[in-house]
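Here is the structure we will look at, set down as structure tokens.
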Amino acid sequence: MRIGELARLTGSSVRSLRYYEEQGLLDSQRADSGAHRVFHADAVDRVRLLRQLYSAGLSSKVIASILPCVDTPSPELTEESIAIMQAEYARLGEQMAAIADTRDQLHHLIDHATRHLAADVDPAGRCADTDRARTHSDSGLAVTP
DNA sequence: ATTCTAACA
DNA sequence: TGTTAGTA
């Protein structure tokens, strides 16, 4: 397939795909005329993996160093490759903990704001405000572990 | 219409 | 990565 289709199938831009190839992360052939790139069908999975790693915060360099672990023959897979993967694994673990902590704080803020809104402006009756407060509580955001 | 390379307010 | 220019 050509670059346009690969982009469509992976939800990435054509520009990004050329960049991945430039970084040695993606393989491609050349059309007979050498005019344009031709990608193997497997490139779809490869690109999805690349984007997943990128979105997790891994750099092109890091991804390049661990790809030999993905490709069938891996002559350039070294001890350092494993060390790098372990480091990223650890980093993601810390990042997940930090994100969980942030989520907890947000939960508290939501809880506080909800109570404030419910008890605040309605010494007499309660209508819109109370409804809004209840809506927030049941919105799925208040998932206390 | 699609792809390519090169380059940057 | 986006975008633009000039081609093929």
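Just so you know, these numbers use all the heavy atoms, side chains as well, and skip hydrogens, waters and symmetry mates. Quick caveat: nothing in here was measured; it's all calculated off a predicted structure.
To the nearest angstrom, P of B:dT3 lies 11 Å from CZ of A:R8. Between the C1' atom of B:dC4 and the CG atom of A:D32 lies a distance of 16 Å, rounded to the nearest Å. Taking atom CG on A:L6 and atom P on B:dC4, their separation rounds to 11 Å, with Å as the unit. Summarising the geometry, the separation between CD on A:E22 and C1' on B:dA6 is reported as 10 Å, rounded to the nearest angstrom. Rounded to whole angstrom, the span from the CG atom of A:L17 across to the C1' atom of C:dG2 amounts to 14 Å. We find that CD of A:E5 is positioned 19 Å from P of B:dA1, with the value rounded to whole Å. Between A:E21 atom CD and B:dC4 atom C1' there is a gap of 11 Å when expressed in whole angstrom units.
Of the candidate nucleotides B:dT2, C:dT1, B:dC4, B:dT2 has the atom lying nearest to any side-chain atom of A:R2. The side chain of A:S16 lies closest to C:dT1, out of B:dT2, B:dT5, C:dT1.
Against DNA chain B, the stretch residues 34-61 of chain A makes heavy-atom approaches under 4.0 Å through A:A35, A:H36, A:R37.
Here CG of A:L50 is found 9.5 Å from OG1 of A:T10. Values are rounded to the nearest 0.5 Å. If you take OG on A:S12 and CZ on A:R18, they are separated by 11.5 Å, rounding to the nearest 0.5 Å.
In this view, A:R46 and A:D71 satisfy the salt bridge (charged side-chain N to carboxylate O under 4.0 Å, His left out) rule, not counting sequence neighbours. Taking A:R115 as the reference, A:D111 meet the salt bridge (charged side-chain N to carboxylate O under 4.0 Å, His left out) condition, with sequence neighbours excluded. A search for ring pair (Phe, Tyr, Trp, His ring centres under 6.0 Å) contacts involving A:Y20 returns A:Y54, not counting sequence neighbours. Remark: A:S65 engages no residue in a side chain to side chain donor-acceptor pair (under 3.5 Å) (not counting sequence neighbours). Under the rule for a salt bridge (charged side-chain N to carboxylate O under 4.0 Å, His left out), the partners of A:R8 that lie at least two apart in sequence or sit in another chain are A:E5. Residues that satisfy the side chain to side chain donor-acceptor pair (under 3.5 Å) test with A:S59, not counting sequence neighbours, are absent from this structure. Considering only residues two or more places apart in sequence or on other chains, A:R2 meets the salt bridge (charged side-chain N to carboxylate O under 4.0 Å, His left out) condition with none of them.
For residues 21-39 of chain A, the side-chain hydrogen bond (donor to acceptor under 3.5 Å, both in side chains) pairs, not counting sequence neighbours, are A:E21-A:S28, A:E21-A:R37.
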*For nucleotides 3-8 of chain C, just jot down a letter per nucleotide in 5' to 3' order: B, S or -, based on protein non-hydrogen atoms under 4.0 Å.*
B-----
In residues 82-97 of chain A, what donor-acceptor pairs under 3.5 Å come from side-chain atoms, sequence neighbours left out?
{"residue": "A:E88", "atom": "OE1", "partner": "A:R91", "partner atom": "NE", "Å": "2.9"}
{"residue": "A:E88", "atom": "OE1", "partner": "A:R91", "partner atom": "NH2", "Å": "2.8"}
{"residue": "A:R91", "atom": "NH1", "partner": "A:Q95", "partner atom": "OE1", "Å": "2.9"}
{"residue": "A:R91", "atom": "NH2", "partner": "A:A56", "partner atom": "O", "Å": "3.2"}

_Intra- and interstrand pairs of DNA chain B - dot-bracket, Watson-Crick/G-U under 3.5 Å, | marks other strand_ = .|.|||||.
